[in-house]
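Notes to accompany the following structure.
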Amino acid sequence: MSTIDRTDDGGPSGTNRTDDRTGGSDREPLLEVTGLQKHFPVNSGLLSSIRFDSDSRPFPFRYDQSSVKAVDGVDFELRPGETLGIVGESGCGKSTLARTILGLEEPTAGDITFDGQPTDEIPEGEFRKRTQMVFQDPQSSLNPRRKVGHIIEDPLEGTDWPRPDPSVRSEAEVRTEDLSEYAVNATVDDNAELVVDPVDGVATVLLTVRPVGDPTETAVETADDVAVELPWGFDAAVTVDDTQRTIDIDVSVSASKADLRRERALELLEQVGLKREYYDRHPHEFSGGQRQRINLARALSINPDLVVADEPVSGLDVSVQAQILNLMDDLQEEYGLTYLLISHDLSVVRYVADRVAVMYLGEFVEMAPTEELFTEQYHPYARALLSAVPNPDPDQPGIESVIQGNVPSASDPPRGCRFHTRCPSFILPDGFSAAGYEAYDELLEAVREKELEGSDPDVVVEAYLGDSDSGDTGDTAADAAGDGGTIPPGARSDARQAVERALAGDWTAARERLEAYESICQSSTPALDPAGSTDGTTAVETERLTACHLELSDQGGTREP
Ligand SMILES: Nc1ncnc2c1ncn2[C@@H]1O[C@H](COP(=O)(O)OP(=O)(O)OP(=O)(O)O)[C@@H](O)[C@H]1O
């Protein structure tokens, strides 16, 4: 995992930018996402969806159209000018979330509101103009056969930019040199805002008017005797009335749509730190960092409000990463952009994000202002994820080795809290010690997998839960767990009955009986709620949200890591 040195950012400030960001917290959200789900069907045909199931009655088959629950109930708001970072292991659903928000994937359920309007009610073209995506691999997202300037102009092709704005007034501001005897009047084309940026609804064109040549020797008698300096893109028609001593100037927009688009691309090249002459070059002539600058210029060409950046700097050298992140920061300020930033690299997110959402198996498990999250994590997954950072040494353990076990399948995620199968802070069911539950859970797993060996229920139970000579109360699982693990009264006889049923072929009944002893982490899905103190009495911070039973209740007990 790469890290970014904040003190050597190669950019204008080099300070910790996250500390002084407000994210416009008092403004209406630009983006609101509620209960968003995106499931991908796994089986394509009817036949491939039919499964053999001996428990199924009257026929031993069931129809199983399973799906990958890539995004499974995500809620958040994004305020104008804010940067929300989304982090999580590979496959947790980050890219799918981004693509679904931008309308590149059809949501399975949930609502997305952009600037106060449901996105499915916003005309597609309108939404596309206000949102842009920057991808990870600038090499593959830039067409190698096209000139860089044309690539930057591409998004404009899908819009009618530049389009005159009837609400903008055009005005001339005239400066004269050595024409004190003349009254100079200038009128400006209504569409001046196509070329100059309006301020407070007025597009002001600056003109400098002077006599051609040496003013002491040249009389101003005809239009040819008058020189007019104009901004790029304008033309002037001059009329001189020598007897009345008046000069009338008619200023019009001379640039064509193609000229205006080209000029915008040239300006954007400069703004992202590249030269105007690169307009005619092709992507292969640039380095990875320069290509990502081109990508940013292209994303900005239509002046979007929201930019979704999916791993924008992965694959780049660390020093180049800092430059691109600083550029994104500068562009955010210049254009008032809102960013949704996806990264598996926590140092990248820490560097630029105002808030961070930690994602696990399609859900947000923690969300907090960046520095608060990096200082203290409430959710055990967030804790494990952040404990793997900073870790520039490839020989040191990464996230996978910090958290035990594999990521469960997104098509069959664990019940309750999805992290409970790997959680070092798992809340034990009542009456179990850690070792006792471990033994019991192994038996449950064997029943779920229909993999019990043996024919005598007592022998099978003993193999999992150890020897017992104390009947139903206070059973020990010393043999199985090795440390005198305890299970609650009644659990042994329930386990025996479950095994009996399993051996008779009724695996469903067996599983249900064993599952009666479950932890809150298995039986109930924790909502993403304000994190409380560990005694469960107070919400510490409304901006700090976590989806963990330990934080949302005063449950005790943990599974040994
Ligand atoms: N078009 C698709 N069809 C089926 N499954 C998909 C599709 N796209 C994504 N998935 C699955 O959805 C889950 C989430 O994938 P996604 O790419 O969103 O995760 P991610 O967090 O962005 O991972 P990475 O960091 O590796 O890109 C994965 O299990 C993935 O295999």
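The shown structure was predicted, so the numbers you read here are calculated from the model rather than taken from an experiment. Order of listing sets the numbers, starting from 1, for every ligand and every atom in it. Quick note: numbers below take in every heavy atom, side chains included, and nothing from hydrogens, waters or symmetry partners.
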Practice item. Test Asp154 against every option in Arg298, Arg146, Lys147, Arg264 by the salt bridge (Lys or Arg N to Asp or Glu O under 4.0 Å) rule and name the one that passes. Key: Arg146
Practice item. Decide whether Arg293 and Tyr278 meet the rule of one side-chain donor and one side-chain acceptor closer than 3.5 Å. Key: no
Check your understanding: Got a sec, which pairs hit salt bridge (Lys or Arg N to Asp or Glu O under 4.0 Å) with one end in residues 110-121, sequence neighbours left out?
Key -> Asp115-Arg130
Enumerate, atom names and distances included, each donor-acceptor pair closer than 3.5 Å involving a side-chain atom of residues 99-107, sequence neighbours excluded.
| from | atom 1 | to | atom 2 | distance (Å) |
| --- | --- | --- | --- | --- |
| Arg99 | NE | Glu105 | OE2 | 3.4 |
| Thr100 | OG1 | Thr96 | O | 2.6 |

Identify the protein atoms, limited to N or O, that lie within less than 3.5 Å of an N or O atom of ligand 1, and list each pair with its distance to 0.1 Å.
| from | atom 1 | to | atom 2 | distance (Å) |
| --- | --- | --- | --- | --- |
| ligand 1 | 18 (O) | Thr96 | N | 2.9 |
| ligand 1 | 18 (O) | Thr96 | OG1 | 2.5 |
| ligand 1 | 19 (O) | Gly93 | N | 3.2 |
| ligand 1 | 21 (O) | Gly91 | N | 3.3 |
| ligand 1 | 21 (O) | Cys92 | N | 3.1 |
| ligand 1 | 21 (O) | Gly93 | N | 3.1 |
| ligand 1 | 21 (O) | Lys94 | N | 3.1 |
| ligand 1 | 21 (O) | Lys94 | NZ | 3.0 |
| ligand 1 | 22 (O) | Ser95 | N | 2.9 |
| ligand 1 | 22 (O) | Ser95 | OG | 2.9 |
| ligand 1 | 23 (O) | Gly91 | N | 2.7 |
| ligand 1 | 25 (O) | Lys94 | NZ | 3.2 |
| ligand 1 | 26 (O) | Ser90 | OG | 2.5 |

Review point. For residues Gln292 and Asn295, is any side-chain donor paired with an opposing acceptor at under 3.5 Å?
Key: yes
**Study point:** For Ala510, side chain to side chain contact (heavy atoms under 4.5 Å, CB included) partners two or more places apart
**Key:** Val447, Ala498, Arg501, Ala502
